[in-house]
Amino acid sequence: MPSLPNDRKKVQVPDLAVWKAEGRRMTMITAYDVTFARLVDEAGIDMILVGDSVGMVVQGTSNTIPVDLEEMAYHVRCVARANTKALVIGDLPFGSYQISPEQGVESSIVLMKNGAQCIKLEGGVHMADTIAAITRVDIPVIGHIGLTPQSVHRMGGFRVQGRTEGFEAGGRERILEDAHAVEQSGASAIVIEGVPMELAQEITQKVSIPTIGIGAGINCDGQVLVLHDVLGLCDSKYRFAKHYADLRTSTVEATQAFISDVRSGAFPDDAHSFH
Ligand code: KIV
């Protein structure tokens, strides 16, 4: 068992600005339940994102669009019960903030009441008023720009953004504008997903708030990955997602060993039975 940094202090939103100033690289990983939240916290992760990726890795949806606010509130509650040292971020799902800034504030309040310390939402220029409204009531916001999964249909799939010049959605200059809009609206950090590493580096140098990359290269202030990718639980292999374990194989093998023991009569043995 590796040594666990359990004595660390609770991560708070203002720590992110301090860490950017210090040049300390930040770590974020997703979790959706208490068991994994406890484990990634014990490992020393800085931030746990209760992401709407729960749709794809837990619920079996093909994108994040179907996930709703009640489901996110439930998963935020599960993760918050782990009572972690990590900062807990609740992800606003599609349809819970796009209608108006007021709707964004109301939905953020739901996630905060369920244990989030901060919320994340997708979008830049068009979400500026919403981010400003949420931060105005003292709910910290993390923005999300570049490949924004809730825009899957506009993008025509999960495609790298910012490879073309221009101010149209997905264009390089537009993503730079999005980054500035998120920063100026009062967000505490920005997730940058699926953009060329040179663009992510330029954003990281130009904005004062931390950038957390996923598929955005080494030069962001921090990195985020989906837990199921890190653990190798899914059979899909994305270029940007490194598998640090092969729990898919371990899970199949452990289940096969159980099936075999039951069928052969080897389980339960005396050590696993009561007298
Ligand atoms: O929902 C999620 O897991 C995310 C990350 C991919 C950043 O938004």
Side-chain angles (χ1 to χ4, degrees), residues 16 25-33 36-37 40 45-69 71-76 78-79 86-98 107-108 111 116 118-124 127 131 140-152 155 157-162 175 178-179 182 187-195 200 203-204 209-217 220-231 233-234 236-244:
L16 307 185
R25 287 175 190 260
M26 294 163 234
T27 60
M28 182 192 289
I29 201 163
T30 66
Y32 318 98
D33 64 33
F36 279 115
V40 298
I45 201 80
D46 295 323
M47 293 170 266
I48 297 176
L49 170 64
V50 188
D52 62 356
S53 52
V54 69
M56 296 170 77
V57 298
V58 175
Q59 300 173 340
T61 59
S62 59
N63 57 52
T64 57
I65 303 282
V67 178
D68 67 29
L69 187 62
E71 291 165 344
M72 289 309 304
Y74 167 80
H75 287 286
V76 166
C78 294
V79 167
L87 185 78
V88 175
I89 304 155
D91 211 2
L92 288 183
F94 181 71
S96 73
Y97 61 99
Q98 283 88 353
S107 299
S108 301
L111 296 190
C118 141
I119 65 94
K120 177 175 86 58
L121 59 77
E122 297 182 11
M127 282 300 140
I131 295 172
V141 174
I142 295 184
H144 184 161
I145 62 170
L147 191 173
T148 45
Q150 293 174 17
S151 316
V152 59
M155 296 183 297
F158 298 112
R159 298 174 195 285
V160 173
Q161 302 292 292
I175 293 172
D178 284 338
V182 170
S188 301
I190 317 177
V191 168
I192 307 177
E193 178 167 357
V195 304
I203 294 169
T204 302
I209 55 177
T211 59
I212 312 293
I214 174 165
C220 295
D221 297 307
Q223 297 292 327
V224 53
L225 281 178
V226 169
L227 179 68
H228 289 54
D229 290 330
V230 171
L231 300 182
L233 273 167
C234 304
S236 51
K237 186 107 174 73
Y238 305 108
R239 181 186 166 104
F240 62 85
K242 183 168 173 184
H243 291 191
Y244 285 85

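Counting starts at 1 for both ligands and their atoms, in listed order. Since this is a predicted model, take the numbers as computed values, not measurements. We're numbering straight along the sequence, starting at 1.
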Could you establish whether Glu122 and ligand 1 come within less than 4.0 Å of each other, counting only heavy atoms on the residue side? no

So is Lys120 close enough to ligand 1, meaning a heavy atom under 4.0 angstrom away? yes

All side-chain hydrogen bond (donor to acceptor under 3.5 Å, both in side chains) counterparts of Gln223, not counting sequence neighbours: none

Answer yes or no: are there more than 12 heavy-atom neighbours, outside Phe158 itself, under 6.0 Å from its atom CZ? yes

Does any N or O of ligand 1 fall below 3.5 Å from an N or O anywhere on [X], backbone included?
{"X": "Ser53", "answer": "yes"}
{"X": "Thr30", "answer": "no"}
{"X": "Tyr32", "answer": "no"}

Pull out every atom of ligand 1 sitting under 4.0 Å from any heavy atom of [X], numbered as shown with elements.
{"X": "Asp91", "result": "1 (O), 8 (O)"}
{"X": "Ile214", "result": "6 (C)"}
{"X": "Gly51", "result": "1 (O), 2 (C), 3 (O)"}

Kindly give the heavy-atom pair with the smallest separation between Val226 and Ser53, and that separation in Å. CG2-OG, 4.1 Å

Can you give me the closest heavy-atom contact between Val58 and Tyr32, atom names plus distance? CG2-CD1, 3.9 Å

His75: partners by ring pair (Phe, Tyr, Trp, His ring centres under 6.0 Å), with sequence neighbours left out: none

Any idea which protein heavy atom is nearest atom 7 (C) of ligand 1, and the distance to it? Leu49 CD2, 3.7 Å

Are the side chain of Asp221 and the backbone N or O of Thr211 linked by a donor-acceptor pair below 3.5 Å? yes

Using atom types as modelled and distance alone, determine if a side-chain donor or acceptor of Gln59 lies under 3.5 Å from a backbone N or O of Val57. no

Contact region, Val54 to ligand 1, non-hydrogen atoms below 4.0 Å, reads neither

